[in-house]
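Accompanying notes for the structure given below.
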Amino acid sequence: MTNHQYFRRDQDSAEVVVLGAGVAGLTLANLLQAAGVECVVLERATRDHIQTRARAGFLAPGTVRALERHGLAEGLRRRGVPHGTCEFRTRSGAFRLDYRELGRREHHTVYPQQDLVTDLLAHYLAGGGEVRFETRAVSVDGADGARPTVTVRDAEGRPGRWSARYVAGCDGRHGAARDSLPPTARRHRRNHGVTWLGLLAEAPPSLDAVGYALHERGFAGHMARTPEITRYYLQCAPGTPADAWSEQRIWDELDRRMYAAELGPLRRGPVVQRSVIALESDVVEPLRHGSLLLAGDAASLLSPSGAKGANLAVLEAELLAGALVDDLVHGDPAPLEQYSRRCLEYIWRAQEFSHWMVQLLHAPSESENEASFEAALRDARIDSLRTSRTHQDWFAENYLGL
Ligand code: RFL
């Protein structure tokens, strides 16, 4: 279908219009499709873009189980790699937490987010699902009525309109769903005052663990993605442009902060992707505004320190799909009425842990006077994690759970 044909009608319609073909939107669309609910996904980007956008990689056991329940885990079962160890490096040395043996004795599955998105998309399309790429939602109107509408623009800027019974805002933190919220919506925010340079290197992992390095020059992180690709993070000054550091400087700084002189050098390779990530968190409350419902990053943004965002997106999509099916197929509106409250419980638990991780990994301080106090608190926290089995069990349970 050409774009011309696509926009020929004044208004298209579907039972549920899903904004965004990310983890949340595609999980939801698959579940609705399986239950026979008519839906369409509107996605701003191209198919190629969403299938190559590297982000998360650590899937929690509950996420894997949820995807398995719905027959969406074939790819990650085949290519995902179990992972259950993290290593903390500080100026007093390194210690490992084999979290597979702690808490509930579960592990992560490392599977790149773009591969999960590719699988979810292929499954949805194979079942006859419809995704309109290069279709940007501009606004959602009439959410307080029975037929909300979504105004869209195609790649050439031509307008169109969709009407629906429900609109699922799964279009992330800068999407149209958030922009269309009524003034009664609350937004709880936190700027952690920390910035990371996020790097993807064509280099094999340098350790068989997630590496968290706490250094007086700032945090450095190491996370395996595939046998050939490793994600690194380097804390940098707020406002640093992504291309400010040369590759040489990046690797030298990573070596320094990861105590390579004492613990062994990192395996270097070309840096193939960089982004600047300001660590921010927020929560929208409530997640339902009439017939507009939020899920994923549109509902709540988590700092990537806790590796929770993609996992929450799957959990919320599953809850939302169940509630929409109950309403639209079984005529029971109660689960949809409880959707926001149920999600917010999970969201705040995840926020609490992510916030704890931010404080563990950094010693941010506005004031020179308090910097040494915060640094000492952080050392005490790390020491407790190193020595207390109770603390380690708590960590494992929260690191893996939702
Ligand atoms: P997504 O994946 O951003 O998808 C939203 C989709 O909506 C589209 N869109 C629009 N479409 C139509 N109209 C509009 N107006 C639109 N505006 C946007 C976008 O193109 C996109 O396709 O959100 P979703 O589905 O809510 O999923 C959330 C996750 O992507 C996110 O929470 C995670 O990536 C967070 N995260 C991690 N989470 C984990 O669980 N484990 C990790 O290891 C992990 N690592 C990370 C991360 C996030 C990172 N970034 C982005 C800072 C590492 C990094 C570097």
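Counting convention: from 1, in listed order, for ligands and their atoms alike. Note that the structure is predicted; figures quoted are calculated from it, not measured. No hydrogens, no waters, no symmetry mates; every other heavy atom, side chains included, goes into these values.
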**Report entry** Pair D297 + R178, salt bridge at N-O below 4.0 Å
**Finding:** no

Query raised in the report: For ligand 1, is there an N or O atom under 3.5 Å from any N or O atom of H174?
Result: no

**Report entry** Nearest neighbour in protein (non-hydrogen) for atom 12 (C) of ligand 1
**Finding:** R44 N, 3.3 Å

Query raised in the report: Is the shortest side-chain N to carboxylate O distance from R249 to E247 below 4.0 Å?
Result: no

Query - For N311, the ligand 1 atoms whose distance to one of its heavy atoms is below 4.0 Å - result: 39 (C), 40 (O)

Query raised in the report: Would you say R53 touches ligand 1, if touching means a heavy atom closer than 4.0 Å?
Result: yes

Report task. Give a yes-or-no answer on whether the side chains of H192 and S303 include a donor-acceptor pair shorter than 3.5 Å. Result -> no

Requested in this report: May I ask you to check if ligand 1 and G172 share an N or O to N or O distance below 3.5 Å?
Outcome: no

**Report entry** atom 25 (O) of ligand 1 [closest protein heavy-atom partner, distance rounded to 0.1 Å]
**Finding:** A24 N, 2.9 Å

**Report entry** Parallel, tilted or perpendicular, as decided by the 30° and 60° cut-offs, for the rings of F95 and F88
**Finding:** parallel

Requested in this report: May I ask you to decide whether D393 forms a salt bridge with R389, counting only side-chain N to carboxylate O separations under 4.0 Å?
Outcome: yes

Query - R136: numbered ligand 1 atoms lying under 4.0 Å from its heavy atoms - result: 13 (N), 15 (N)

Query raised in the report: Within 4.0 Å of atom 50 (N) of ligand 1 (strictly less), any protein heavy atom?
Result: no

Report task. Please verify whether a non-hydrogen atom of Y233 lies at under 4.0 Å from ligand 1. Result -> yes

Report task. Examine F133 together with H49 and report whether their ring centres are nearer than 6.0 Å. Result -> no

Query raised in the report: Numbering the atoms of ligand 1 from 1, which are under 4.0 Å from a heavy atom of I50?
Result: 22 (O)

Query - Backbone N/O of A56 and side chain of Q113: donor-acceptor pair under 3.5 Å - result: yes

Query - Element-labelled atoms of ligand 1 that are located less than 4.0 Å from some non-hydrogen atom of F58 - result: 41 (N), 43 (O)

Requested in this report: For atom 4 (O) of ligand 1, find the nearest protein heavy atom and state the residue, atom name and distance (0.1 Å precision).
Outcome: G22 CA, 3.4 Å

Query raised in the report: Considering distance alone, does some N or O of E43 sit under 3.5 Å from an N or O of ligand 1?
Result: yes

**Report entry** Closest protein heavy atom to atom 27 (O) of ligand 1, given as residue, atom name and distance to 0.1 Å
**Finding:** A313 CB, 3.9 Å

**Report entry** Neighbour count >12 (heavy atoms, 6.0 Å) for atom CZ, R186
**Finding:** no

Query raised in the report: Is it the case that S300 and Q351 place a side-chain donor and acceptor less than 3.5 Å from each other?
Result: yes

Query - For T135, the ligand 1 atoms whose distance to one of its heavy atoms is below 4.0 Å - result: 12 (C)

Report summary line: min-distance protein heavy atom vs atom 18 (C) of ligand 1 -> D171 O, 3.2 Å

**Report entry** Non-hydrogen atom of L19 closer than 4.0 Å to ligand 1
**Finding:** no

**Report entry** Within-cut-off N or O pair, I277 and ligand 1, under 3.5 Å
**Finding:** no

Query raised in the report: Which of the listed options, L42, D297, L279, L312, holds the heavy atom that is closest to atom 32 (O) of ligand 1?
Result: D297

Requested in this report: Give a yes-or-no answer on whether the side chains of S139 and D141 include a donor-acceptor pair shorter than 3.5 Å.
Outcome: yes

Report task. Please could you name the atoms of ligand 1 that Q113 approaches to less than 4.0 Å, counting only its heavy atoms? Result -> 2 (O), 29 (C), 30 (O), 33 (C), 34 (O)

**Report entry** CG-CD distance between L197 and Q235, expressed to the nearest 0.5 angstrom
**Finding:** 11.5 Å

Query - Nearest candidate to atom 47 (C) of ligand 1, where distance is taken over non-hydrogen atoms, out of A56, S303, G175 - result: A56

Report task. Specify the protein heavy atom at minimum distance from atom 3 (O) of ligand 1: its residue, its atom name, and the distance to 0.1 Å. Result -> R55 NH1, 2.7 Å

Query raised in the report: Can the ring centroids of H188 and W348 be said to lie less than 6.0 angstrom from one another?
Result: yes

Query raised in the report: So which of G296, G25, A137 gets nearest to atom 14 (C) of ligand 1, if we judge by its closest heavy atom?
Result: A137

Query raised in the report: In terms of ring plane angle, is the pair Y99 and F395 parallel, tilted or perpendicular, where the classes change at 30° and 60°?
Result: perpendicular

Query raised in the report: So is A310 polar-close to ligand 1, meaning N/O to N/O under 3.5 Å?
Result: yes

Query raised in the report: Does a side-chain N-to-carboxylate-O contact under 4.0 Å join D383 and R386?
Result: yes

Query raised in the report: Would you say the ring centroid of W394 lies under 6.0 angstrom from that of Y399?
Result: no

Query raised in the report: Does ligand 1 have any atom sitting under 4.0 Å from a heavy atom of A176?
Result: yes

Requested in this report: Provide the number and element of each atom of ligand 1 under 4.0 Å from a heavy atom of G57.
Outcome: 42 (C), 43 (O)

Report task. Please work out which of A45, G20, C170 has its closest non-hydrogen atom nearest to atom 5 (C) of ligand 1. Result -> C170

Query raised in the report: Taking heavy atoms and a distance under 4.0 Å, where does K308 meet ligand 1: side chain, backbone, both or neither?
Result: backbone

Query raised in the report: Once the angle between the rings of W196 and Y233 is folded into 0 to 90°, is it parallel (under 30°), tilted (30 to 60°) or perpendicular (over 60°)?
Result: tilted

Query - L301 near ligand 1 by a heavy-atom separation under 4.0 Å - result: no

Query - H123 side chain vs L125 backbone, donor-acceptor pair below 3.5 Å - result: no

